[in-house]
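A short worksheet on the structure shown next.
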Amino acid sequence: MYTLLLKKRITSYDVTIFQTPKFGEKKGYQDVYRFVMEGNNHKDALHKVFQTFNVTDRMPNDYHARYLSTGDIVLIDEGKKGQFYYKLNPQGWNKINRIHVR
């Protein structure tokens, strides 16, 4: 009997973090950091983004914004495949429309 091993496909995602000038504000989102994150899918990439930007030792040296928190928005840009916005809520990441980023 043969066992087929499937290798998970890792994708590089163009990611942008959006935050408001002050925590808790509902308007005035600005892009604060853009980078590339690898992941198996959007959910995996968002999990890695959260882990990276909530532990001081993992944050890139050129990142000068606050920790990722409720209300922050992450854009995953896949070029011709589309742009996907996710907002961090207490329950986790929720997909949102672009219109929420102002």
Side-chain angles (χ1 to χ4, degrees):
M1 184 166 172
Y2 295 98
T3 303
L4 179 64
L5 297 176
L6 297 176
K7 191 174 184 181
K8 288 188 176 183
R9 184 174 170 211
I10 302 293
T11 304
S12 293
Y13 296 107
D14 181 0
V15 176
T16 305
I17 297 174
F18 292 87
Q19 294 180 331
T20 55
K22 294 182 183 177
F23 173 74
E25 293 180 326
K26 307 250 186 253
K27 295 181 182 176
Y29 282 95
Q30 300 170 351
D31 57 328
V32 295
Y33 196 69
R34 185 176 178 187
F35 60 103
V36 174
M37 177 63 70
E38 291 185 343
N40 297 322
N41 51 42
H42 286 193
K43 184 178 179 180
D44 183 45
L46 289 166
H47 178 73
K48 290 178 180 179
V49 167
F50 185 82
Q51 286 183 326
T52 301
F53 293 92
N54 277 299
V55 177
T56 304
D57 294 345
R58 293 183 180 179
M59 287 184 189
N61 291 332
D62 60 343
Y63 180 74
H64 302 293
R66 64 177 181 268
Y67 291 105
L68 221 55
S69 59
T70 303
D72 292 343
I73 294 174
V74 168
L75 162 65
I76 296 179
D77 188 348
E78 292 194 67
K80 292 180 181 179
K81 292 183 181 179
Q83 295 181 329
F84 305 89
Y85 291 85
Y86 296 89
K87 186 173 187 176
L88 184 56
N89 293 309
Q91 304 83 13
W93 295 100
N94 289 343
K95 194 170 181 183
I96 61 169
N97 294 324
R98 180 185 175 154
I99 199 158
H100 290 98
V101 178
R102 297 178 192 175

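From K87, atom NZ reaches atom CD1 of I96 across 6.0 Å, with rounding to the nearest 0.5 Å. Between T16 atom OG1 and Q30 atom CD the span is 13.5 Å, to the nearest 0.5 Å. The NZ atom of K80 sits 13.0 Å away from atom CG of D77, with the distance rounded to the nearest 0.5 Å. Atom CG in N40 sits 4.0 Å away from atom CD1 in I10 (nearest 0.5 Å). Between atom CD of residue Q83 and atom CD1 of residue I76 there is a gap of 11.5 Å, rounded to the nearest 0.5 Å.
Atom CZ of R34 has 12 or fewer neighbouring heavy atoms from other residues, nucleotides or ligands inside a 6.0 Å radius.
In the hydrophobic cluster analysis, where Ile, Leu, Val, Met, Phe, Trp and Tyr join through side-chain heavy atoms closer than 4.5 angstrom, Y13 is grouped together with Y63. Cluster membership check: M37 shares its hydrophobic cluster with F50, using side-chain heavy-atom separations under 4.5 Å among Ile, Leu, Val, Met, Phe, Trp and Tyr. Residue Y29 is not grouped with residue L88 when hydrophobic side chains (ILVMFWY) are merged at heavy-atom distances under 4.5 angstrom, including chains of intermediate members. Both I73 and L75 belong to a single network of hydrophobic side chains, linked directly or stepwise wherever heavy atoms of I, L, V, M, F, W or Y lie under 4.5 Å apart.
With a 4.5 Å cut-off on side-chain heavy atoms, L68 and Q19 count as touching. Under the 4.5 Å side-chain criterion, counting only non-hydrogen atoms from C-beta, Y85 is in contact with F18. Taking the side chain as every heavy atom from C-beta outward, V74 and V15 approach each other to under 4.5 Å.
In terms of heavy-atom proximity, P21 sits nearest to G28 at CD-O, 3.3 Å. Of all heavy-atom pairs between V36 and S12, the closest is CG1-CB, 3.8 Å. When all heavy atoms of P90 and T70 are compared, the pair lying nearest together is CD-CG2, 3.8 Å.
The aromatic ring centres of F84 and Y86 sit 6.0 Å or more apart. Residues Y33 and F53 bring their aromatic ring centres within 6.0 Å.
Of the possible polar contacts, one joining the N41 side chain to the K43 backbone as a donor-acceptor pair under 3.5 Å is found. The backbone N or O of S69 sits less than 3.5 Å from a side-chain atom of D72, completing a donor-acceptor pair.
Qualifying side-chain contact (heavy atoms from CB on, under 4.5 Å) partners for K22, counting only residues two or more places apart in sequence or in other chains: E25.
Pairs of residues two or more places apart, or lying in two chains, that qualify as side-chain hydrogen bond (donor to acceptor under 3.5 Å, both in side chains) and include a residue from residues 50-59 are H47-Q51, T56-Y67.
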